[in-house]
Each structure stands twice: as structure tokens, then as C-alpha cells.
2 protein chains.
Amino acid sequence: MSCFEKFHELLKERGFRLTPQREAIVEALHQVQGDTVTAERIHELVGQLEPGIDLATVYRTLEMLSQIEFVKSIDSGGKVRLWQFVGAEDPHPHLLCRSCGMLFGVEPAELEQLSGQLRELYGFDIDIGQLTIPGLCPACRQGR
Amino acid sequence: MSCFEKFHELLKERGFRLTPQREAIVEALHQVQGDTVTAERIHELVGQLEPGIDLATVYRTLEMLSQIEFVKSIDSGGKVRLWQFVGAEDPHPHLLCRSCGMLFGVEPAELEQLSGQLRELYGFDIDIGQLTIPGLCPACRQGR
DNA sequence: ATGAATGCAAACCTTTTGCATGTCA
DNA sequence: TGACATGCAAAAGGTTTGCATTCAT
């Protein structure tokens, strides 16, 4: 099942309507794939596909998409909220470079040991998919 | 050396001035100890100690305090920034409960293996002291 | 037909900034 | 005295909301 089919399916399932605006926004998210984007950036991209779509609509749609888990809201540490298209993928952790702002996906499996350890030591159940680890990426480490 | 002595010391060292406002703000942070607070909350607390201190001053002071590493800015995921008094302690990672908002300190040593692993696999150098791991705390896990 | 979605504009909220005034060193 | 800190008010900037209108179902 294609991504768009899945999208239509989920909308119907949850009683949301299919509108040209929503299609354009999903299309734009599709373009940036796994990259994280601001609502503003999506608004720009959408403007090229279908001009005249309001920023408020972008926000409302992102909100709706996160309800159907098509999009995930990322915690960037700054004041801007970041969004990421996840489509059918599982949520996964990220590495966030404090210098260049780049975000890298990490295999959840890499963190299994950490997860077990924290569970054992503190009884704490971590949300691996929500984890964003700050630090310095290889490129920035060398460039300074 | 007491916390306040250390505070005075650090101010002098970095050329910052000691003002009643700054003392009151540090006092308020002292009251909430390891808890995370918003600038707004600090402003309330400070208002009880010494009325008339402006919110802008709270912000400017928190900024200054984070420069001398008396306070740490925490990434809550929401739109509000959280602050935590760290005083003389070294920065350390935290566990953040998504349900009750409680924040727990973690021994940096617990994360050494993770740190090495990410360094090896991705060349990524993590800021252990800045790491905040989201999840569910023991109490909230049981309460639902 | 009718309730949901949109566009527009205004409101909101947290944080930041400019500027005149006050104050610590 | 002189640079730094404060209070006040206004600006900024991202996000949300109210409302009349349009549109998908």
C-alpha cells in the first residue's frame, strides 16, 4: 500500500476529510522525507505546489497528522518546533549536533542496552523513539 | 564553601555585579533546589522575597546564571523553557517523566557505554551533561 | 444539506530588546 | 565616576483561535 493510500485510509478511518490542502502538505512532507522541518518551511514548500495555503492550515494539518502518526513533533531544544515525516516508519531516536543543527537517525537497537540499564537501575521506562541526544557531529568535531 | 560564597566568587571572577535582584533570584532557585522551573515561576517566587523585580530581569539573570553554570536550561519539549538550579554540581543527564514531569538526575557514569558506542558507530560526541531522556517514571508506570 | 476545513486577521504567550534611570564597584 | 544592571514598555516571533465562508461527503 502506497504512502498516499495509507494516508487516505487513515483519514477515512478517523473521520478526517481529504482536502487539496492536506494532500499538498503531505506531498511537501514527502519531499523532505526524513528531514526535520519547521512549520514555516513546510509552508514555503507547499506554496510552490499549491499557492495560497495559509500557515494556520499548515499548523492545523500538522497537528492532525501527528494524531494519525504520520508526522512526529521533535524536540529541538530551541524555540521552534520541528516536525518530521514518519509515514509508515517507526519512531526512532536522533543525534542532534549542537554546532550545525544536523539531525541523524539512530537505530533503536543501538540503545537497547541503555534502555535495559535505566529500567533496572531506576525503574524508568524510556521512550526510545522520542529520544534526541545532543552533541557534536563528526564534521563539526573536525572543523574546529 | 557555601553555595552563596561560590556564587559571589563566580560573579567576581567573571566581572558580573552582585545585586539584590540577583541574590533574590538565586535564593528562589535555592528554594526549589533540583526541581525544574519556568522563568515565570521563578518570577513568582522572587516576588515573595523581594517584590518589584521584573520578569525581564529574571530572564537576563537566568541567562547570566547559565553562563556561570549555576543554572541549566532544560529542553522540555513543550513551548516553555525550563530551568534547573545546579549550583556547584557538575552537569549531569536527566530522566524526564512524560506523565508527571518529574526530573531525575542520572550518574554520568551510567552512560559511558552509550557514549562510547555512539562515538564508535557514528563518530558522534555526545554532551552527556545536556542529555534529557524522556520516558515514564516508576510511579507513573504503576499508577496506570 | 451540514458539519468540518479553510483563509484571514487578530489574539496569545513566552522571550527579547531599546532606552532612560538607577546603582554597584 | 562610569560601566553595568534594572524597570518599563514595546517588539518579536512562533503558534493558536474566532469567525465568516467554502467545500467534502
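Per chain, numbering begins at 1; letters A, B, ... match sequence-line order. Everything quoted here is computed from the prediction, not taken from an experiment.
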Quiz item: Looking at A/Gln21, does any N or O in its side chain come under 4.0 Å of the phosphate oxygens OP1/OP2 on D/dC23?
Solution: no
Self-check item: Length of the line joining A/Asp54:CG and C/dA9:P, which is rounded to integer Å
Solution: 9 Å
Practice problem: Indicate, with a heavy-atom threshold strictly under 4.0 Å, whether B/Arg22 touches base, sugar-phosphate, or nothing. | Solution: sugar-phosphate
Practice problem: Give a yes or no on whether a salt bridge exists between B/Lys6 and B/Glu9, defined as a side-chain N under 4.0 angstrom from a carboxylate O. | Solution: no
Quiz item: Are B/Leu65 and B/Phe4 grouped together when hydrophobic residues (ILVMFWY) are joined by side-chain heavy atoms under 4.5 angstrom apart?
Solution: yes
Exercise. Please state how far atom CG in A/Leu62 lies from atom P in C/dT6, giving the value in whole angstrom units.
Key: 12 Å
Quiz item: Nearest 0.5 Å, what's the OH-CD distance between B/Tyr59 and B/Glu40?
Solution: 7.0 Å
Practice problem: Could you please name the option among D/dT15, D/dT25, D/dT6 that lies closest to any side-chain atom of A/Ala39? | Solution: D/dT15
Quiz item: Once you round it to whole Å, what is the distance between P of D/dT25 and CZ of A/Arg14?
Solution: 17 Å
Quiz item: Once you round it to whole Å, what is the distance between P of C/dA25 and CG of B/Leu18?
Solution: 6 Å
Quiz prompt | Between C1' of D/dA5 and CD of B/Glu63, the distance in whole Å | solution = 15 Å
Quiz item: Roughly, in whole Å, what's the span from OH in B/Tyr59 to C1' in D/dG7?
Solution: 16 Å
Practice problem: Identify whether any heavy atom of B/Ile53 sits under 4.0 Å from a base atom; if not, whether one sits that close to sugar-phosphate; answer base, sugar-phosphate or nothing. | Solution: sugar-phosphate
Quiz item: Any idea how A/Phe70 and A/Phe7 line up, ring-wise: parallel (<30°), tilted (30 to 60°), or perpendicular (>60°)?
Solution: tilted
Practice problem: Could you check if a side-chain atom of B/Val32 sits within less than 4.5 angstrom of a side-chain atom of B/Leu45, using non-hydrogen atoms only? | Solution: yes
Self-check item: Residue A/Arg81, side-chain heavy atoms: nucleotide from D/dT16, D/dT6, C/dT16 that is nearest
Solution: D/dT16
Quiz prompt | Euclidean distance, atom CZ of residue B/Arg41 to atom C1' of C/dC13 [Å, nearest integer] | solution = 19 Å
Quiz item: Between A/His8 (NE2) and D/dA24 (P), how many Å, whole number?
Solution: 13 Å
Self-check item: Residue whose closest nucleotide on DNA chain D lies nearer the 5' end, A/Leu55 versus B/Thr57
Solution: B/Thr57
Quiz item: A/Thr19 side chain N/O closer than 4.0 Å to the phosphate oxygens (OP1, OP2) of D/dC23?
Solution: no
Self-check item: Minimum-distance nucleotide (side-chain atoms of B/Arg17 versus C/dA5, C/dT23, C/dT16)
Solution: C/dT23
Quiz prompt | Proximity to the side chain of A/Arg60 - top-ranked nucleotide from D/dC4, D/dG18, D/dA24 | solution = D/dG18
